[in-house]
Visitor: 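Here it is: the structure, laid out below.
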2 protein chains.
Amino acid sequence: MKSLQDRLKEKGLRSSYQRIKILEYLEKNRTHPTVDAIYEALKEKLPSISKTTIYNTLKSFLETGLISDLTISGHEVMYDAETKPHSHFLCKSCGTVLDVVDIKCPHVRKEVDGNKVEEVHLYFKGLCKKCLPEGRKQ
Amino acid sequence: MKSLQDRLKEKGLRSSYQRIKILEYLEKNRTHPTVDAIYEALKEKLPSISKTTIYNTLKSFLETGLISDLTISGHEVMYDAETKPHSHFLCKSCGTVLDVVDIKCPHVRKEVDGNKVEEVHLYFKGLCKKCLPEGRKQ
DNA sequence: CCCTAACCTGTAATAATTACAATCATGAAA
DNA sequence: TTTCATGATTGTAATTATTACAGGTTAGGG
Ligand SMILES: [Mn+2]
Ligand SMILES: [Mn+2]
Ligand SMILES: [Zn+2]
Ligand SMILES: [Zn+2]
């Protein structure tokens with residue numbers, strides 16, 4: 001089991017208390033949190049942490065491929081410690097974003113129409129089972 | 001050829017000069033414009049138009065299924081007169097969003113993991129052919 | 001240890017979107 | 001046609017997400 005510190009080093013990132021805590025939070029909370037959610041959660045133990053630090057840190061994590069991000073909600077970016085390609089489901093009622101792992105996306109390709117593909121995102125939107133009216137469950 | 005006015009009526013929307021112009025703009029500009037792009041373009045002919053009207057109008061167009069939207073860029077919503085399911089490619093260099101029509105998404109399904117699916121979005125991100133360095137074209 | 005580049009923080013600026021209240025226009029009914 | 005209520009439009013203010021920036025702090029190589 002690689003330590004968080006080592007994972008930062010591997011990517012050429014300095015290790016800092018804030019970075020460790022942010023990465024740790026993402027590893028433990030696979031809920032696709034927003035910057036604000038991460039900030040609110042970390043503030044408890046780390047009252048001095050700045051939201052700018054969250055933004056900066058997530059940016060460097062993204063650039064080094066330590067994490068991935070999602071733009072499914074349309075009004076705020078969400079972050080994910082899972083970097084292997086997988087799909088997502090957004091509940092339009094409660095806002096929950098779930099991983100969809102059983103759908104293998106056949107679209108992992110290097111180009112479309114002559115354009116170079118670096119990322120593929122498959123998003124589903126609808127109503128999650130918890131928000132489906134009873135009796136209408138599928 | 002159905003008139004724009006009729007298409008509004010069909011959806012139970014009142015016809016107004018602003019709505020006609022906004023729908024017309026989207027029909028003629030299949031570039032996935034943002035609210036601001038629509039606003040800047042319409043302002044020429046319609047100097048009194050308000051950005052709030054654009055927001056309100058697009059919202060009602062979306063609710064009635066007259067148009068569709070995209071959250072591919074992560075920092076602003078884009079709008080599309082095309083409502084038939086299709087995929088998109090975002091160039092991370094120039095920001096252009098292109099339709100990807102040749103990829104049939106096999107994911108048009110009514111549920112995933114018991115959650116009811118209402119929309120499916122397939123996004124590709126990378127470098128468009130215009131932004132690819134010469135010699136590296138695919 | 002020292003030093004410097006890299007990092008963290010707080011605040012201010014920017015950008016996208018929503019809320020709201022006053023005015024105006026559509027279209028159904030008289 | 002004219003009337004009128006409802007719904008649409010507008011301008012402004014508020015909110016929210018994100019970025020810019022400057023000054024203080026710290027990690028880690030030498
Ligand atoms: Mn995920
Ligand atoms: Mn499109
Ligand atoms: Zn839900
Ligand atoms: Zn490009």
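Proteins come first, then strands; the chains are lettered A, B, ... in the order of their sequence lines, and each starts at number 1.
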Visitor: Would you find a donor on one side and an acceptor on the other, under 3.5 Å apart, between the side chain of Thr71(A) and the backbone of Thr71(B)?
Guide: yes
Visitor: Looking at Glu10(A) and Arg7(A), does any basic side-chain N land under 4.0 Å from a carboxylate oxygen?
Guide: no
Visitor: Could you give the NZ-to-C1' distance, from Lys43(A) to dC8(C), as a whole number of Å?
Guide: 17 Å
Visitor: Could you tell me how far apart Glu76(B) (CD) and dT17(C) (P) are, to the nearest whole angstrom?
Guide: 7 Å
Visitor: Between dG28(D) atom P and Leu8(A) atom CG, what is the distance in whole Å?
Guide: 9 Å
Visitor: Closer than 4.0 Å, any side-chain N/O of Thr57(B) to the OP1 or OP2 of dT9(D)?
Guide: yes
Visitor: Using a strict heavy-atom distance below 4.0 Å, which residues from residues 11-37 of chain A are in contact with DNA chain D?
Guide: Arg14(A), Ser15(A)
Visitor: Look at the side chain of Ser48(B) against the base of dT9(D) and say whether a donor-acceptor pair falls under 3.5 Å; ignore hydrogens and angles.
Guide: no
Visitor: Are Lys92(B) and Glu119(A) close enough for a salt bridge, meaning some N to O gap below 4.0 Å?
Guide: yes
Visitor: Would you mind reading off the bend of the helix from dC1(C)-dG30(D) to dA30(C)-dT1(D) from its two end axes, five pairs each, to 10 degrees?
Guide: 30°
Visitor: Judged by each residue's nearest nucleotide on DNA chain D, which is more toward the 5′ side, His75(B) or Thr52(B)?
Guide: Thr52(B)
Visitor: Provide, to the nearest angstrom, the distance between the CG atom belonging to Asp6(A) and the C1' atom belonging to dG28(D).
Guide: 15 Å
Visitor: Whole Å only: how far is the CG atom of Asn56(A) from the P atom of dT25(D)?
Guide: 18 Å
Visitor: For Glu82(B), is there any backbone N or O sitting under 3.5 Å from a side-chain donor or acceptor partner on Ser68(B)?
Guide: yes
Visitor: Phosphate oxygens OP1/OP2 of dT19(D): is one of them under 4.0 Å from a side-chain N or O of Tyr55(A)?
Guide: no
Visitor: With heavy-atom distances below 4.5 Å as the criterion, would you say the side chains of Ser87(B) and Tyr123(B) are in contact?
Guide: no
Visitor: For the pair made of CD1 in Ile54(A) and C1' in dC7(C), what is the distance, rounded to whole Å?
Guide: 14 Å
Visitor: Could you check Val100(B), Leu122(B), Asp99(B) and say which one makes a side-chain contact (heavy atoms from CB on, under 4.5 Å) with His88(B)?
Guide: Asp99(B)
Visitor: Just the rounded figure in Å: distance from P of dC7(C) to NZ of Lys59(A).
Guide: 12 Å
Visitor: Verify the distance criterion only: is there a donor paired with an acceptor across the side chains of Gln18(A) and Thr53(A) at less than 3.5 Å?
Guide: no
Visitor: Is there a donor-acceptor pair closer than 3.5 Å between any side-chain N or O of His32(A) and the backbone N or O of Met78(A)?
Guide: no
Visitor: Has Arg19(A) got a side-chain atom pairing as donor or acceptor with Arg14(A)'s backbone, closer than 3.5 angstrom?
Guide: yes
Visitor: For Thr53(B) and dT10(D), is the shortest distance between a side-chain N/O and OP1 or OP2 below 4.0 Å?
Guide: yes
Visitor: Starting at atom CG of Leu46(A), determine the distance to atom P of dT26(D), rounded to an integer number of angstrom.
Guide: 13 Å
